[in-house]
Amino acid sequence: MKQLVQLQQHADDFRALNAELIFVFREESKGVDGLKLIKEKHDTNFTLTVDLGKKNTQAYSPGKMEFDNYVIDSGGIIRGVIDGTKTDRAKADELLAVLKEINDTRESR
């Protein structure tokens, strides 16, 4: 939850870069009901989803303690991967740096 709270503080910065943050929870035992509680508690507009069986997310963070973050452009291309662990996940400045690079690349075309 720490990452969600930290990123929420930069929601305007993400919006300015036309970015949508999507959080995929793999440990929310209450499933969708738990996500609703999280969304209300942290007053977030970010998209929250759950993959309890790790069916879809296992390939992206295969290690037991891996919690990687992916920056995917509007064409579905992975443009950046920020390694993370359960206790040390991507920070807003790291994600924003990748997003700004994508934005700068588009503007220079």
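When the side chains of ILVMFWY residues are joined at heavy-atom separations under 4.5 Å, either directly or via intervening members, V50 and L4 end up in a single hydrophobic cluster.
Put simply, the side chain of Q6 gets close to the backbone of A92: a donor and an acceptor are under 3.5 Å apart. E94 contributes a side-chain N or O that, together with a main-chain N or O of K91, makes up a donor-acceptor pair within less than 3.5 Å. In this structure, D51 contributes its side chain and N56 its backbone to a donor-acceptor pair below 3.5 Å.
Contacts classified as salt bridge (Lys or Arg N to Asp or Glu O under 4.0 Å) and involving residues 67-85 (residues at least two apart or in different chains) are given here: D73-R79. Within the structure, every pair that satisfies the ring-ring contact (aromatic ring centres under 6.0 Å, His included) test and touches residues 17-42, not counting sequence neighbours, is listed here: F23-F46.
For the residue pair E66/T85, the side-chain donor-acceptor check at 3.5 Å is not satisfied. Using modelled atom types, one finds no donor on one side chain facing an acceptor on the other under 3.5 Å when comparing N45 with Q8.
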Q.
Let's go through F14 and L95 carefully: what are the C-alpha distance in whole Å and the side-chain angles of both, what is the deciding distance for side-chain contact (heavy atoms from CB on, under 4.5 Å) to 0.1 Å, and is it a yes or a no?
A. CA-CA 9 Å; F14 289 110; L95 292 167; 3.9 Å; yes
(Q) Working note: D33 + K30, criterion salt bridge (Lys or Arg N to Asp or Glu O under 4.0 Å); need CA distance, chi angles, decisive distance, verdict. (A) CA-CA 6 Å; D33 289 336; K30 295 179 183 175; over 6 Å; no
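Here the straight-line distance linking atom CZ of F67 with atom CZ of R89 works out to 4.5 Å at 0.5 Å rounding. Here the CZ atom belonging to R26 is positioned 14.5 Å from the NZ atom belonging to K55, to the nearest 0.5 angstrom. Atoms CG and CD1, from N69 and I22 in turn, are 12.5 Å apart once rounded to the nearest 0.5 Å.
The shortest side-chain heavy-atom distance between I78 and V81 falls under the 4.5 Å cut-off.
Residues passing the side chain to side chain contact (heavy atoms under 4.5 Å, CB included) test with K39 are T44, L48, sequence neighbours excluded.
The minimum heavy-atom distance between A19 and L99, with the atom names listed, is CB-CD1, 3.7 Å. Annotation for A90 and I82: closest pair CB-CG2, 3.6 Å, computed over non-hydrogen atoms.
Tested against N103 for a side-chain contact (heavy atoms from CB on, under 4.5 Å), the candidates L17, N18, L96 yield a single pass: L17.
Within a 6.0 Å radius of CG in D43, other residues, nucleotides and ligands contribute 12 heavy atoms or fewer.
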